[in-house]
There are 2 protein chains.
Amino acid sequence: MSSDRAPRNTLSRDRVVAAAVALADTDGLPSLTIRALATALAVKPMAIYHHVRNKEALLDALVDHVFSQVRVCRADAEWRQELGARAASLRAALNRHPWALTLMEARKNPGPATLANHEAALDLLRTSGFSLAATAHAYAVVDAFVYGFALQEAMLDQVELAEAPGDLIEGIDMSALPRMAEFATQHVMRPGYSFGDSFEVGLGMVLDGIAALA
Amino acid sequence: MSSDRAPRNTLSRDRVVAAAVALADTDGLPSLTIRALATALAVKPMAIYHHVRNKEALLDALVDHVFSQVRVCRADAEWRQELGARAASLRAALNRHPWALTLMEARKNPGPATLANHEAALDLLRTSGFSLAATAHAYAVVDAFVYGFALQEAMLDQVELAEAPGDLIEGIDMSALPRMAEFATQHVMRPGYSFGDSFEVGLGMVLDGIAALA
DNA sequence: ACCTGAACACCGTTCAAGT
DNA sequence: ACCTGAACACCGTTCAAGT
């Protein structure tokens, strides 16, 4: 007699956001539809709207969820160590949730975790004696590097995903691209190579540059 | 008697791509639908598919179109000047077409202009005497910085777009974010401030770091 | 060869209705 | 208060058909 409807009060904003993150992680952002999300939560599509205003608000929450995983700087420690650790933590979070970069570009409303994270980073730099101008440059430059590095890692994952099993890059005339060919065969395909190793190198350059701003 | 159908042979792959770029530039990426694109070209939706395999292939073409606007490095000039000029050109192209960053992350097939641009940059660095390892680091780091900086500029544009006319940031408790408040009032809102000024600063840091790799 | 019409399996979202 | 059903205005894309 009773319907198969989900029991009441099982849904919450947090459960909706967590399920959305899981869906985007496993199946990719395009698969994150309100309807698929409802199915994953064993609920009808319209139930979602009782906990989230609309899809845009859901995406805002997803980005803030990612930022909630990023290390918050403490202002009473050495700035170089703190800023570097936050950068590594941000990169790791963006690697875990590659769709976050795509979303960030179009977000209009930064969430509380995002704001708190930025506040702490600014506080660290200011407390460490950087002027407002130096703080602005420093923060813009580290974050640019981290976002861009994570973006490149996401792009590399896509290209590798598309590669034909035997052939390195399908249908591309490598003879017209001798430097890329050299690079692939003599460097990238060698045993110890890892793109990620450039992260510490670049981060070091940026932190050195910031130190010179002080 | 005659129908209002568009005359034949007016459509071409280039016209389709150009119209798609224009649509994304003016109305944003979400507005770029096959159906809207067809309308803009005064044609029925299915006509598009005669010049582009599917929407995914169209997006691939859009990204390559953007890369075709980026300065190609020449290997016979001073590397620092050449790499810096390419970086500035890449940033400018990404500013003109902010949707390109979003698309790049999910592309599986780099186009010919993209590949040629990378080839020239690698050739410049190798010709200038950088080892394969140093070239890998150098290229990863400059591009990370440029992509990330452009991403931040795109994010800033979104936030500014959403701001209530009078109020700086709507509904955010600035008293809990004293450093952001200080930053906004004492720095960002001052006459000469421009976020973009951090680009040259960061680029300088990165190029200095790369010089130290040689 | 190039373009179209009709159809299919999807979307996000509103609105009125159930409990 | 919380969830649902039906409906609306959209999507990308296939397939058969026109010229």
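Computed from heavy atoms alone, side chains included, the values below leave out hydrogens, waters and symmetry copies. Below, chains carry the letters A, B, ... as their sequence lines are ordered, and counting in each starts from 1.
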In whole angstrom, give the distance that lies between atom [atom1] of [X] and atom [atom2] of [N].
X       : N      : atom1 : atom2 : value
A/Leu32 : C/dC11 : CG    : P     : 11 Å
A/Ile34 : D/dC3  : CD1   : P     : 15 Å
A/Lys44 : D/dC3  : NZ    : P     : 13 Å
B/Leu59 : D/dC11 : CG    : C1'   : 14 Å
A/Tyr49 : C/dA17 : OH    : P     : 21 Å
B/Leu23 : D/dC11 : CG    : P     : 11 Å
A/Leu41 : D/dT4  : CG    : P     : 11 Å
B/Arg13 : C/dC2  : CZ    : P     : 14 Å

Parallel, tilted or perpendicular: which describes the rings of B/Phe195 and B/Phe149, with under 30° parallel and over 60° perpendicular?
parallel
Could you please name the option among [options] that lies closest to any side-chain atom of [X]?
X       : options              : answer
B/His50 : C/dA1, C/dT4, D/dG12 : C/dA1
A/Leu11 : D/dC3, C/dT13, C/dC3 : D/dC3
A/Met46 : D/dG5, C/dG12, C/dC3 : D/dG5

Assess the side chains of A/Glu153 and A/Asn95: does a donor N or O sit below 3.5 Å from an acceptor N or O?
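Yes.
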Scan side-chain atoms only and decide if A/His187 and A/Glu182 contain a donor-acceptor pair under the 3.5 Å cut-off.
no
Which nucleotide, in any strand shown, forms a Watson-Crick or G-U wobble pair with [N], with both distances under 3.5 Å?
N      : result
C/dC8  : D/dG12
C/dA17 : none
C/dC3  : none

Lys/Arg-Asp/Glu bridge criterion (N-O < 4.0 Å) met for B/Arg86, B/Asp143:
yes
At less than 4.0 Å, is any side-chain N or O atom of A/Lys55 found next to OP1 or OP2 of C/dG12? Yes or no.
yes
OP1 or OP2 of C/dA1 sitting under 4.0 Å from any side-chain N/O of B/His51?
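The answer is no; no side-chain N or O of B/His51 sits under 4.0 Å from OP1 or OP2.
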Closest nucleotide of DNA chain C for A/Arg53 versus for A/Ala36: which of these residues is on the 5' side?
A/Ala36
Within-4.5 Å side-chain heavy-atom neighbours: A/Ile48 and A/Leu41:
yes
If you find the nucleotide of DNA chain D closest to A/Arg35 and the one closest to B/Asn54, which residue's nucleotide is nearer the 5' end?
A/Arg35
